[in-house]
Amino acid sequence: MARLKDKVCIVTGGAVGIGKTYCQALAAQGALVVVVDIADGAALAEQIGGLFVRADISDPATVASCVAQVMEKYGRIDVLVNNAALFSKLPVARYDEIDFDLWDQVMAVNIRGTFAMCRAVGPVMEGQASGKIINITSGTVNKGMPNMLHYVTSKGAITAMTRCLSRELGGANICVNNLAPGLILSDSILKNADHVADTEDKVIASRALRRHGYPEDLIGGLVFLASSDSDFMTGQTLAVDGGSINT
Ligand SMILES: NC(=O)c1ccc[n+]([C@@H]2O[C@H](COP(=O)([O-])OP(=O)(O)OC[C@H]3O[C@@H](n4cnc5c(N)ncnc54)[C@H](O)[C@@H]3O)[C@@H](O)[C@H]2O)c1
């Protein structure tokens with residue numbers, strides 16, 4: 001049975017990597033999926049019967065225009081998945097090797113971009129008195145993973161943003177939750193071997209379930225948070241990492 005029939009779902013960073021799997025999974029549940037990315041998601045959108053909007057989420061004007069396009073086509077927004085981030089292309093580096101320009105770029109996309117999407121979509125959901133916002137954070141926040149200080153800091157901010165927004169939007173019946181994957185062997189991360197080189201074995205050893213994680217492992221948690229099954233859950237973090245951290 002389709003659990004998201006005709007629900008309008010925006011997935012940022014939906015063109016490649018894990019985001020692409022999210023788009024396909026939501027469409028498989030009957031959703032009308034909007035792929036938002038700086039990368040090309042036109043073919044994917046066509047394949048799943050959705051809409052592609054090319055947008056840089058760090059630019060509030062572009063985000064406002066993106067949301068206006070979605071409203072013009074569908075007239076509502078039921079689910080927002082804030083998945084876009086500067087992540088897989090980031091060099092792995094010690095804190096004192098991170099320059100300030102890169103620090104600012106990571107914060108602009110990962111934090112301000114997520115805020116910009118919430119700020120543009122929130123009023124639409126408030127007007128509907130319903131909605132689900134799913135922020136993609138990371139188990140690295142709990143682990144304090146070294147050598148990605150900019151990235152881990154940005155995901156920590158998203159964790160806090162989720163808790164705060166859940167209280168601001170709860171009165172309008174909007175659920176805001178974090179989905180926190182552990183290390184997931186997406187096609188994006190596999191292109192940057194530094195991310196997995198030293199950590200792969202240690203990550204598996206840290207898990208109760210001793211195996212690799214793949215994008216498909218996240219589908220159950222994502223659909224749960226997007227669907228009415230999670231209607232009484234907000235401000236929480238759902239870790240999907242084979243039992244590496246305990247939230
Ligand atoms: N792969 C993992 O191990 C892992 C673990 C925990 C969390 N995550 C998170 O999952 C998400 C997806 O990760 P991934 O492995 O697919 O890597 P990824 O680097 O491919 O994902 C980033 C996506 O965001 C898009 N993007 C980047 N900047 C953008 C911008 N300014 N505007 C719009 N889109 C932009 C990219 O084009 C890409 O589609 C990220 O938020 C990442 O932090 C990944």
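Side chains included, hydrogens not; waters and symmetry mates left out as well; all remaining heavy atoms used.
Taking both residues in full, the closest heavy atoms of Lys132 and Ala226 are given as CG-O, 3.7 Å, listed atom of the first, atom of the second, then distance. Across Pro181 and Leu218, no two heavy atoms sit closer than the pair CB-CD2, 3.8 Å. Nearest heavy-atom pair, Gly19 versus Asn83, reported as atom, atom and distance to 0.1 Å: CA-ND2, 3.4 Å. Counting all heavy atoms, side chain and backbone alike, Val79 lies closest to Val81 at CG1-CG2, 4.0 Å. Between Val63 and Ala116, the shortest heavy-atom distance links the atoms CG1-O, 3.6 Å. Of all the heavy atoms in Gly139 and Ile245, the pair that sits closest is CA-CD1, 3.9 Å.
Contact of the Lys5 side chain with the Gln29 side chain is not registered, since no non-hydrogen atoms from C-beta on lie closer than 4.5 Å. Under the 4.5 Å side-chain criterion, counting only non-hydrogen atoms from C-beta, Ile184 is in contact with Ile18. Here the side chains of Pro91 and Asp194 are not in contact, with every heavy-atom distance at 4.5 Å or above. Ile219 has its side chain within reach of Thr21: a pair of non-hydrogen atoms, C-beta onward, lies under 4.5 Å apart. Looking only at side-chain heavy atoms (C-beta outward), Ile136 and Asn82 stay at 4.5 Å or farther from each other. Here the side chains of Gln105 and Leu86 are in contact, with some heavy-atom distance below 4.5 Å.
Transitive grouping of hydrophobic side chains (ILVMFWY, heavy atoms separated by less than 4.5 Å) keeps Leu26 and Ile10 in distinct clusters.
In this structure, a donor-acceptor pair under 3.5 Å is absent between the side chains of Lys20 and Ser186. Using a 3.5 Å distance cut-off with no hydrogens or angles, the side chains of Ser88 and Lys191 do not pair a donor with an acceptor.
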Discussion item. Checking Ile133 against Asn135 for the side chain to side chain contact (heavy atoms under 4.5 Å, CB included) test, could you report, in this order, the C-alpha distance in whole Å, the side-chain angles of both residues, the deciding distance, and whether it holds?
Written reply: CA-CA 6 Å; Ile133 297 177; Asn135 290 329; 3.7 Å; yes
Item to complete: Kindly indicate, with the supporting measurements, whether the criterion salt bridge (Lys or Arg N to Asp or Glu O under 4.0 Å) is fulfilled by Arg211 and Asp217.
Response: CA-CA 11 Å; Arg211 67 164 175 86; Asp217 287 313; 2.9 Å; yes
Discussion item. Please determine whether side-chain hydrogen bond (donor to acceptor under 3.5 Å, both in side chains) holds for the pair Lys143 and Ser244, giving the CA-CA distance in whole Å, both sets of side-chain angles, and the decisive distance to 0.1 Å.
Written reply: CA-CA 9 Å; Lys143 290 182 162 182; Ser244 185; 2.7 Å; yes
Item to complete: Start with the C-alpha distance between Phe224 and Met233, add both sets of side-chain angles, then the distance that settles side chain to side chain contact (heavy atoms under 4.5 Å, CB included), and finish with yes or no.
Response: CA-CA 10 Å; Phe224 167 67; Met233 175 176 166; 3.6 Å; yes
Fill in: Trace of the side chain to side chain contact (heavy atoms under 4.5 Å, CB included) decision for Thr247 with Gln236
CA-CA 9 Å; Thr247 56; Gln236 307 302 320; over 6 Å; no
Worksheet item: After noting the C-alpha distance and the side-chain angles of Arg76 and Gln128, does the key distance pass the side chain to side chain contact (heavy atoms under 4.5 Å, CB included) rule?
Response: CA-CA 8 Å; Arg76 59 183 292 113; Gln128 299 164 178; 3.2 Å; yes
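A side-chain donor-acceptor contact under 3.5 Å links Asn173 to the backbone of Ala129.
A 6.0 Å sphere centred on CD of Glu216 holds more than 12 heavy atoms belonging to other residues, nucleotides or ligands. For CZ of Arg119, the number of neighbouring non-hydrogen atoms (other residues, nucleotides, ligands) closer than 6.0 Å is 12 at most.
Taking the six-membered ring for Trp and thresholds of 30 and 60 degrees, His195 and Phe87 have ring planes inclined between 30 and 60 degrees apart.
Exactly one residue among Asn178, Asn177, Thr137 makes a side-chain hydrogen bond (donor to acceptor under 3.5 Å, both in side chains) with Thr237. That residue is Asn178.
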